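Naming convention: chains lettered A, B, ... in sequence-line order (proteins, then strands); numbering from 1 in each chain. Here the structure is a predicted model, which is why all the values come from computation and not from measurement.
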Number of protein chains: 2
Amino acid sequence: MHEIKNQYIEKQGYHDVTHTHHQGHESASHASCITVVPIFNHLEGEQMEEIMKVTKSTSFKKGEVIYREGDISDLLYIVSKGKIRIYRLSESGKEQLVRILNPGDFTGELALFRESIQEAYAEAMSDTDVCMISRNDLQEFLLKYPTISLKILSEFSNRLETSEKQTTRFATEKVDTRLALFLAECMESGDGPMEIELPMSKKDLASYLGTTPETISRKLADLENEGYIKQKSGRKIEILDLDGLLLV
Amino acid sequence: MHEIKNQYIEKQGYHDVTHTHHQGHESASHASCITVVPIFNHLEGEQMEEIMKVTKSTSFKKGEVIYREGDISDLLYIVSKGKIRIYRLSESGKEQLVRILNPGDFTGELALFRESIQEAYAEAMSDTDVCMISRNDLQEFLLKYPTISLKILSEFSNRLETSEKQTTRFATEKVDTRLALFLAECMESGDGPMEIELPMSKKDLASYLGTTPETISRKLADLENEGYIKQKSGRKIEILDLDGLLLV
DNA sequence: CGAAATCTTGACCGATCTCAACTTACGTGG
DNA sequence: CCACGTAAGTTGAGATCGGTCAAGATTTCG
């Protein structure tokens, strides 16, 4: 897979402005932008080569907006380096952090399969490289290799499940519980046995959990006073009593 | 399309218990259980016939549970008659109404494309007929006719968009606003120019909007006092000032 | 018609937001 | 590598929103 040459994916970008094009490191880093994606990682070499032919690469600098609400977008963006912040504005103008994309994650899917515009914002949190596939190229590919559709459907199902679960939490749980559940989920996908590192600032966490930084600060202090957790330096938190935490 | 015979879809049900099988009215009513579904309504006669061969039909009486959290489900359910209530229980045991299915709507999709169990509950709100397709049959069909996958992807995109928008509302808007937005959306899909009929009881509406019946009652009374709406008999509400309503 | 469910209204209280002041951490440029 | 400015985080006090409990009115449906 790593033999795929840059020439296949470097042609020209879709964006004709501001963005500097990916400058082409070693080919392995390019390959990863596709092969790393769960949707595609079962492809055979030939199919992989085919989809990489229609893939373009672009870079965004920290803080740059990749798309915004109202954009007519028909690109699927796959993160190959960096982090992207996906957020929405509610009807009354308040911002909510929806998710953070890491290398291998993708976005743009909501506008990809329907005639519509973006309803969210995507912003590079650091210098970021993305690969892009246009709607037409992707759909052609899906019709040719239908198993990929099933992969995408599976991914959509998961995301839908997550989103609906999240909605139910917002609808029925108070901040304590939402925060505790968030910490518990960090544990699952986590590093050390009983220590986690928050994947975002507390400000972003507040936005993600639908509350304010002040409340996050207080609730974490409460959890610490009650002996469930211990806040360490940086964004690290030691979980002292996971079971207790989940009964909050 | 209407010539499709009952024999194609009446064989035996997947459920070998309690549920009485669909008793077969005229074939037109059967055809509608499939042809009415947006995913399938572009099919040619031949394909339609093929999918109806693997479709089974079952009835549920009011109050019966169609699936529950934890069920290993690999069926797609399509409502042909009646109403189905989809709800979830949060981690702390509180119920939230997720959606109400009407004829033509489908459910079960979340467990269909991934190895997983149901995480929601589906309950017949009235005597209900559903058509069912098994995961294997559906996937086979999708691989054979890839354009249907694109239809389903489109449907999933829409639902994901709706769900994420809903999450953001819960995260950032207060009850007043959520209620006002709900009423406004009833208008869009509504009957009369300035009159809507709530599609559910106020108790269910409270559950759907993540609040309590008491609060719904009070907020509607407030909106009425402020001259934005007028509550009529039944579940009808006259919208007097839509613009004002949306600024609440 | 009557039981049960839904809906309404009031009183009270707790959770969380807002505003404000302050401290701490971080990135940038000299 | 340090100093500074800005952003992030903390903490307190007060206000508000919305939930809970309770009683009563109304509707629905068998």
Name of the residue among B/Ser80, B/Ser59, B/Ser57 meeting side chain to side chain donor-acceptor pair (under 3.5 Å) with B/Asp129: B/Ser59
Reading 5' to 3' through nucleotides 24-30 of chain D, protein heavy-atom contacts under 4.0 Å coded B for base, S for sugar-phosphate only, - for none: -------
Nucleotide C/dG10, atom C1' - distance to CD of B/Glu214 in whole Å: 11 Å
Euclidean distance, atom NZ of residue A/Lys219 to atom C1' of D/dT11 [Å, nearest integer]: 14 Å
From D/dT10, D/dG19, D/dA13, nucleotide with atom closest to A/Arg218 side chain: D/dA13
N/O (side chain, A/Lys202) to phosphate O (OP1/OP2, D/dT10) under 4.0 Å: yes
Neighbour count >12 (heavy atoms, 6.0 Å) for atom CZ, B/Arg68: no
Closest to side chain of B/Thr212, choosing from D/dA13, D/dA8, D/dT20: D/dT20
4.5 Å side-chain heavy-atom contact, A/Arg159 and B/Phe156: no
Nucleotide C/dC17, atom C1' - distance to NZ of A/Lys174 in whole Å: 16 Å
Phosphate OP1/OP2 of C/dT6 contacted by B/Ser201 side-chain N/O (<4.0 Å): no
Rounded distance (Å) that lies between atom C1' of D/dC17 and atom CG of B/Asp222: 12 Å
Candidates D/dG9, D/dG18, C/dA15 - which lies nearest the side chain of B/Val175: D/dG18
Whether A/Tyr77 and A/Tyr67 hold their rings parallel, tilted or perpendicular, with breakpoints at 30° and 60°: tilted
A/Lys203 side-chain N/O to D/dA8 phosphate OP1/OP2 under 4.0 Å: yes
Separation of atom CG in A/Leu205 from atom P in D/dA8, rounded to whole Å: 14 Å
Check: C/dC7 base within 3.5 Å donor-acceptor of B/Gln231 side chain: no
Backbone N/O of A/Asp71 and side chain of A/Ser73: donor-acceptor pair under 3.5 Å: no
Steps toward salt bridge (charged side-chain N to carboxylate O under 4.0 Å, His left out) verdict (B/Lys83, B/Glu123): CA-CA 9 Å; B/Lys83 277 172 183 283; B/Glu123 177 193 313; over 6 Å; no
Steps toward salt bridge (charged side-chain N to carboxylate O under 4.0 Å, His left out) verdict (A/Asp204, A/Arg85): CA-CA 10 Å; A/Asp204 278 346; A/Arg85 205 171 171 282; 2.8 Å; yes
Integer-rounded Å distance: C/dT16 P and A/Glu173 CD: 11 Å
Value in whole Å for how far the C1' atom of C/dT9 lies from CD of B/Glu224: 14 Å
Residue met sooner reading DNA chain D from 5', once A/Ser217 and B/Thr211 are mapped to nucleotides: A/Ser217
Spacing of B/Lys94 atom NZ relative to D/dT20 atom P, expressed in whole Å: 6 Å
